[in-house]
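Have a look at the structure below, then the notes.
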Amino acid sequence: NICKVCSDTESVGLSVDQLGGIDVIVRSMQEHTDDFFLQAEACGAIASLCDDAPLVKEAFFNLGGIAVVANAYRSCKLGVSIEESFYLMEQACVALTTQTTKPNHIDTIHSLGILDECIDVMCREKSSNSTSLTIALSNIIVNVLVNSHSNSSSDGSQARAVAGVSLTLKALKGLNNEDRLAYLMSSLYSVSDNIDYVRAILWNSGRDEILSVMRDCLESASIQEISCLLLSRIYTKVQEITNAIRASDEIVSIQTAMKKHREHSSVQEAACLALRNFCTISESPNDRIVAELFDIVNDVKQASMIHCQ
């Protein structure tokens, strides 16, 4: 709470660390693994102290802090209510988000598998998704994905790309909040200019998951738009990837988005761009694809007439 009332949170974090406070927090978490409240509030404290404080983040990492947070969740999730489990997951995600600025920190998070476990819980308890946990979990996943992309020249970047994309696609299945789904889709789009990330999307059946989100969230213009943009970006990259085939159900999803959101010019524009790039793929189309393309011509024509400006 000190960090909340102080404008210079970095100085607070450094002062606490210099006084041995970070070490005390980590040791308390290690010694009281069955104290749910202590574990949750310790994660919250770490998040506040590490925020905007690179040296404090490094000190926490060097103390094995990421593993301590992972163990805290695993030790306390048994024997507590689902609400308490969600709260602890939320605080753990917030704490770990501060550790996603360096490749070796991200690699440690991946190696411990803690985010996979959190997503698994979200998938099982989808009907009772906590909004605050959904936000915290999607935030760390996006940070892992985007920061992996920004460090794409570092060692292990391709494996990091695959791991980040895999987590993001897995999270798409477990979240039921449309704003968060759009956020995850936007993060995939932001990294899809890199061929390693497009490969990872294709290897993880990402196109199927994109189409699934489009079907499940048909009423959301923002999700339809970002999905079409993401498909469009993928189509511009698949020329560099062998065995990247087109499928007629992609055209159907794009056409459905156009029909549902005729008044949204941004959706129409993104859909037309996706169709254009879809048609540039050199693979010879089968008869069904040709039929679907002919069927969608009228929708493209209507879009150009409605949004002539």
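Counting heavy atoms from C-beta on, the side chains of Cys50 and Phe60 come closer than 4.5 Å. Side-chain contact check for Phe61 versus Thr108: some heavy-atom pair is nearer than 4.5 Å. For the pair Ile210 and Glu250, the minimum side-chain heavy-atom distance is 4.5 Å or more. Inter-residue side-chain proximity for Leu181 and Cys217 is flagged as met; some heavy-atom pair is nearer than 4.5 Å. The shortest side-chain heavy-atom distance between Val69 and Ile46 does not fall under the 4.5 Å cut-off. Residues Leu188 and Leu169 form a side-chain contact, since some pair of their non-hydrogen atoms from C-beta on lies under 4.5 Å apart. A 4.5 Å side-chain heavy-atom check between Cys43 and Val94 finds every atom pair outside the cut-off. A 4.5 Å side-chain heavy-atom check between Met214 and Thr256 finds every atom pair outside the cut-off.
With hydrogens and angles ignored, the 3.5 Å screen pairs no side-chain donor or acceptor of Thr33 with any backbone N or O of Gln30. Here the side chain of Asn143 pairs no donor or acceptor atom with the backbone of Thr100 at under 3.5 angstrom. Asp51 places no side-chain N or O within 3.5 Å of a backbone atom of Ala47 that could act as its donor or acceptor partner. Looking at Thr97, its side chain does come within 3.5 Å of a backbone N or O of Cys93 through a donor-acceptor pair. A donor-acceptor contact shorter than 3.5 Å is absent between the side chain of Ser205 and the backbone of Asp208. Under a 3.5 Å cut-off, the side chain of Glu41 and the backbone N or O of Phe36 do not form any donor-acceptor pair. In this structure, the side chain of Ser166 does not engage the main chain of Ala163 through any donor-acceptor pair within 3.5 Å. Of the possible donor and acceptor atoms, none in the side chain of Ser232 sits under 3.5 Å from a partner among the backbone N and O of Cys228.
Taking hydrophobic clusters as Ile, Leu, Val, Met, Phe, Trp and Tyr residues chained together by side-chain heavy-atom distances below 4.5 Å, Phe37 does not share a cluster with Val24. Under the 4.5 Å side-chain heavy-atom criterion for grouping Ile, Leu, Val, Met, Phe, Trp and Tyr, Leu218 is not connected to Val213 through any hydrophobic cluster. Val267 and Leu231 fall into different hydrophobic clusters, where Ile, Leu, Val, Met, Phe, Trp and Tyr residues are linked whenever their side-chain heavy atoms come under 4.5 Å apart, directly or through other members.
Atoms CD and CD1, from Glu178 and Ile223 in turn, are 4.5 Å apart once rounded to the nearest 0.5 Å. In this structure, OH in Tyr183 is found 6.5 Å from OG in Ser138, a value given to the nearest 0.5 Å. With rounding to the nearest 0.5 angstrom, the CG atom of Leu167 is 9.0 Å from the CD1 atom of Ile140. Here the OG atom belonging to Ser190 is positioned 12.0 Å from the CE atom belonging to Met185, to the nearest 0.5 angstrom. Distance CG/Asp23 to CZ/Arg27: 4.5 Å, rounded to 0.5 Å.
Test Gln224, Glu219, Gln255 against Lys260 for side chain to side chain donor-acceptor pair (under 3.5 Å) and you get one pass: Glu219. Glu225 pairs in a side chain to side chain donor-acceptor pair (under 3.5 Å) with only one of the listed residues (Ser265, Ser266, Ser220, Ser186), which is Ser266.
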Show the numbers, then the answer: is there a side-chain contact (heavy atoms from CB on, under 4.5 Å) between Ile25 and Leu49?
CA-CA 11 Å; Ile25 293 172; Leu49 293 169; 3.8 Å; yes
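No donor-acceptor contact under 3.5 angstrom links the side chains of Asn277 and Thr236, judged on distance only. Using modelled atom types and a 3.5 Å distance limit, the side chains of Arg199 and Asn204 yield no donor-acceptor pair.
What you find for Ser187 and Thr168 is that their closest heavy atoms are OG-CG2, 4.2 Å. Summarising the geometry of Arg215 relative to Ser253, their closest heavy-atom pair is NH1-OG, 4.5 Å, with the distance given to 0.1 Å. Nearest heavy atoms, Ser192 versus Val198: O-CG2, 3.3 Å. Asp193 and Arg233 get closest at one heavy-atom pair: N-NH1, 3.1 Å. Contact record, Leu38 with Ser28: CD2-O, 3.9 Å, taken as the closest heavy-atom pair. For the pair Ala200 and Ala161, the tightest heavy-atom approach, listed with the atom from each and the gap, is CB-O, 4.1 Å.
Under the 4.0 Å criterion applied to side-chain N and carboxylate O atoms, Lys170 and Glu209 are not assigned as salt-bridge partners.
Between Tyr235 and Phe278, the angle of the ring planes goes over 60°, which puts this pair in the perpendicular group of the 30/60° scheme.
Under a cut-off of 6.0 angstrom, the local environment of CD in Glu58 is crowded, with over 12 non-hydrogen atoms contributed by other residues, nucleotides or ligands.
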